[in-house]
Visitor: 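Quick one: this structure, given as structure tokens, is what I'll be asking you about.
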Amino acid sequence: MIAIYDNSHLLHDPEYEIYDGAKINYPEVPDRIETIKNSLTQVDGVEFISPKSFDDKLVFELHSKQYVSYLKDTTKQIAPNRDLYPSNFIHDTYAPLTQGTFTAARKAVDTALRGAELVAQGDSLVYSLCRPPGHHAGGNYMGGYCYFNNAAAAANFLSKHGKVAILDIDYHHGNGTQELFYDRDDVLYVSVHADPSLNYPYSHGFEHERGRGKGLGYNQNFIVDKNCGTKPYMATFHQALSKINEFNADFLVVSLGFDGYRDDPIAGFNLSSEDYASIAKYIADVDSPTLLVQEGGYCVEALGELARVFTKNMMQHKNS
Ligand code: SP5
Ligand code: ZN
């Protein structure tokens, strides 16, 4: 399995998050991806490569020119080691900008696109270690630690080569991804996440949101309870997976969040690393070349283990 990594993500390092009016430590830290990279380096059969630079037009197919310019121009004016909470093009107050945010976020798109390109060329399993994450970013906004939608960029790239399914197993609903494909029938979006009436992103992720126009039926939301544990989670996960299998996609993109883990500091379905191993096995059984795109997961001490277990099980089952 090829894993794609670039150290530009280190340039995005906000100091605080505003929560309930107070400054708290920012949970989406550079160590998340460093830990995952270091762990996967030890795994037999994983080979690391760097992304390359893809044309901006692939970004503009999803995000407006106004939004992209706003991010680029605004971050240029931020002093080193300062955080700016923008007041334009936002979904919420969970997307602080630093001087390096645009560069890091743009490279995360390249990281996802490089993975998509490899999968389009015939690789059966690739892992894009994207940071910052992407699934809360929409056409015209940032939010929830996300700026550009990496998984959506990969799915949109792959849609030029065949039918694409996106399976989002981050704890949070991927409102940005949902929005970007809401009218389309060539990209299926299926998400398993915590109840949005009680959890971020609050605005979207309800089961009645099923797509629009020819996209009707190509958006499927599955809700599980916070801290629900293995049995209820897996029951719902299997329903979601059967939608993916029915669609019979040429390519599968997984928005891979580990924030369902039991010790996650901001989320959690009370899942163990064994649960992530079995989730990986079931996803590997989907008969489509698969791109893993990193989303959330904030228990830094566990991320190395979770990524290792997940990729090992994916690799073992993908080719057997
Ligand atoms: C990609 C991803 O997983 N984004 C998640 C964004 C969730 N942001 C809002 C969470 C607010 C909770 N903040 C910490 C509360 C500490 N008690
Ligand atoms: Zn999340």
Side-chain angles (χ1 to χ4, degrees), residues 9 12 14-33 36 83 85 90-97 101 104-105 108-109 111-112 128-138 141-154 166-180 189 191-205 221-228 233 253-271 276 279 292-300 302-303 306-307 310:
H9 81 88
H12 172 66
E15 191 191 336
Y16 61 90
E17 165 171 340
I18 298 173
Y19 187 66
D20 217 7
K23 287 184 182 182
I24 61 167
N25 287 339
Y26 195 67
E28 202 286 283
V29 291
D31 259 359
R32 297 177 53 246
I33 288 295
I36 292 174
D83 291 12
Y85 275 80
I90 55 171
H91 178 268
D92 52 62
T93 58
Y94 300 117
L97 298 178
T101 299
V109 176
T111 301
S128 291
L129 301 193
C130 296
R131 182 181 172 275
H135 73 154
H136 299 305
Y141 56 85
M142 61 195 108
Y145 319 147
C146 301
Y147 305 87
F148 296 135
N149 197 316
N150 311 310
I166 303 172
L167 175 62
D168 190 330
I169 60 164
D170 188 276
Y171 175 88
H172 306 94
H173 175 248
N175 56 301
T177 313
Q178 167 169 305
E179 181 213 71
L180 289 164
Y189 178 67
S191 178
V192 183
H193 52 265
D195 187 349
S197 55
L198 300 169
N199 294 271
Y200 185 86
Y202 306 109
S203 57
H204 293 86
N221 290 320
F222 291 90
I223 292 172
V224 281
D225 287 334
K226 184 170 191 180
N227 292 325
C228 61
Y233 184 86
V253 174
V254 180
S255 264
L256 180 56
F258 291 123
D259 37 9
Y261 182 62
R262 61 181 172 211
D263 294 329
D264 194 276
I266 71 160
F269 291 130
N270 202 20
L271 299 178
Y276 278 98
I279 290 167
L292 308 174
V293 176
Q294 190 63 49
E295 300 285 359
Y298 306 98
C299 180
V300 176
L303 287 177
L306 292 170
F310 198 93

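In listed order, ligands and their atoms are each counted from 1.
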Visitor: What part of Glu295 sits under 4.0 Å from ligand 1 if we count only heavy atoms: the side chain, the backbone, both or neither?
Guide: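 The answer is neither.
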
Visitor: For the pair Phe269 and Tyr171, name the ring-plane relationship: parallel under 30°, tilted 30 to 60°, perpendicular over 60°.
Guide: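 Geometry flag for Tyr171 against Phe269: tilted rings.
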
Visitor: What atoms in ligand 1 come closer than 4.0 Å to a heavy atom of Pro133?
Guide: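 Matching atoms, with element in brackets: 1 (C).
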
Visitor: Can you find an N/O atom of His172 closer than 3.5 Å to an N/O atom of ligand 1?
Guide: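 Looking only at distances, the answer is yes, because the N/O contact criterion of under 3.5 Å is met.
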
Visitor: Do any of the N, O or S atoms of His172 sit under 2.8 Å from the Zn ion (ligand 2)?
Guide: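 Yes - counting backbone and side chain alike, His172 has an N, O or S atom under 2.8 Å.
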
Visitor: Starting from atom 13 (N) of ligand 1, what is the nearest protein heavy atom, named by residue and atom, and what distance separates them?
Guide: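 For this ligand atom, the closest protein heavy atom is Glu17 OE2, 3.2 Å.
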
Visitor: Have a look at ligand 1 and work out which part of Asp92, if any, has a heavy atom under 4.0 Å from it: side chain, backbone, both or neither.
Guide: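 The answer is neither.
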
Visitor: Looking only at protein heavy atoms, identify the closest one to atom 4 (N) of ligand 1 and say how far it is in Å.
Guide: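 Ranking protein heavy atoms by distance from atom 4 (N) of ligand 1, first comes Gly144 O, 3.0 Å.
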
Visitor: When you measure from the side chain of Asn149 to the backbone N and O of Ala137, does any donor-acceptor pair fall under 3.5 Å?
Guide: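 Judged by distance alone, yes, a pair lies under 3.5 Å.
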
Visitor: OH of Tyr145 to CG of Asp92: how many Å apart, nearest 0.5 Å?
Guide: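 Between Tyr145 OH and Asp92 CG, I get 9.5 Å after rounding to 0.5 Å.
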
Visitor: Would you compute the distance between atom NZ of Lys226 and atom CG of Asn270 and round it to the nearest 0.5 angstrom?
Guide: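 Going from the NZ atom of Lys226 to the CG atom of Asn270 covers 11.0 Å.
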
Visitor: Is the distance from the ring center of Tyr94 to that of His136 below 6.0 Å?
Guide: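 No, ring centres 6.0 Å or more apart.
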
Visitor: How close do Ser128 and Thr111 get, counting heavy atoms only, and between which atoms?
Guide: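 The answer is OG-O, 2.9 Å.
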
Visitor: Which one of Tyr145, Tyr19, Tyr202 has a non-hydrogen atom at the shortest distance from atom 10 (C) of ligand 1?
Guide: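 Heavy atom nearest to atom 10 (C) of ligand 1 belongs to Tyr145.
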
Visitor: Are any side-chain N or O atoms of Gln178 and backbone N or O atoms of Leu180, one a donor and one an acceptor, separated by less than 3.5 Å?
Guide: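 Side chain of Gln178 to backbone of Leu180: no pair is present.
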
Visitor: If you round to 10 degrees, what value do you get for the angle at the Zn ion (ligand 2) between Asp170 atom OD1 and Asp259 atom OD2?
Guide: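 Value returned, to the nearest 10°, is 110°.
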
Visitor: Any donor-acceptor pair under 3.5 Å linking the side-chain atoms of Asp259 with those of His172?
Guide: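 Result is yes, a qualifying pair exists.
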
Visitor: Please could you name the atoms of ligand 1 that Gly296 approaches to less than 4.0 Å, counting only its heavy atoms?
Guide: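 So the answer, numbered in order with elements, is 3 (O).
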
Visitor: Could you measure the distance from the NE2 atom of His193 to the NE2 atom of His204? Nearest 0.5 Å is fine.
Guide: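 Spacing of NE2 (His193) from NE2 (His204) equals 11.0 Å.
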
Visitor: To which protein heavy atom is atom 14 (C) of ligand 1 closest, and what is the distance rounded to 0.1 Å?
Guide: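 Closest protein heavy atom to atom 14 (C) of ligand 1: Ile24 CD1, 3.7 Å.
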
Visitor: Identify, for atom 2 (C) of ligand 1, the protein heavy atom at the shortest distance, and state residue, atom and that distance.
Guide: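 Scanning the protein heavy atoms, the shortest distance from atom 2 (C) of ligand 1 goes to Tyr298 OH, 2.7 Å.
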
Visitor: Indicate, as side chain, backbone, both or neither, the part of Tyr171 found under 4.0 angstrom from ligand 1 when only non-hydrogen atoms are considered.
Guide: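 Answer for Tyr171: neither.
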
Visitor: Return yes or no for this condition: an N or O of Ile266 is under 3.5 Å from an N or O of ligand 1.
Guide: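 In this structure, Ile266 places no N or O atom under 3.5 Å from an N or O of ligand 1.
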
Visitor: Checking His135 against Ser191: is there a side-chain donor and acceptor pair closer than 3.5 Å?
Guide: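 Side chains of Ser191 and His135: no pair found under 3.5 Å.
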
Visitor: Quick one: which ligand 1 atoms are inside 4.0 Å of a heavy atom on Asp259?
Guide: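 Contacts of ligand 1 toward Asp259, numbered from 1: 3 (O).
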
Visitor: Should His136 be listed as contacting ligand 1, given a heavy-atom distance under 4.0 Å as the test?
Guide: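 Yes, that is the case, since the closest heavy atom of the residue is under 4.0 Å from the ligand.
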
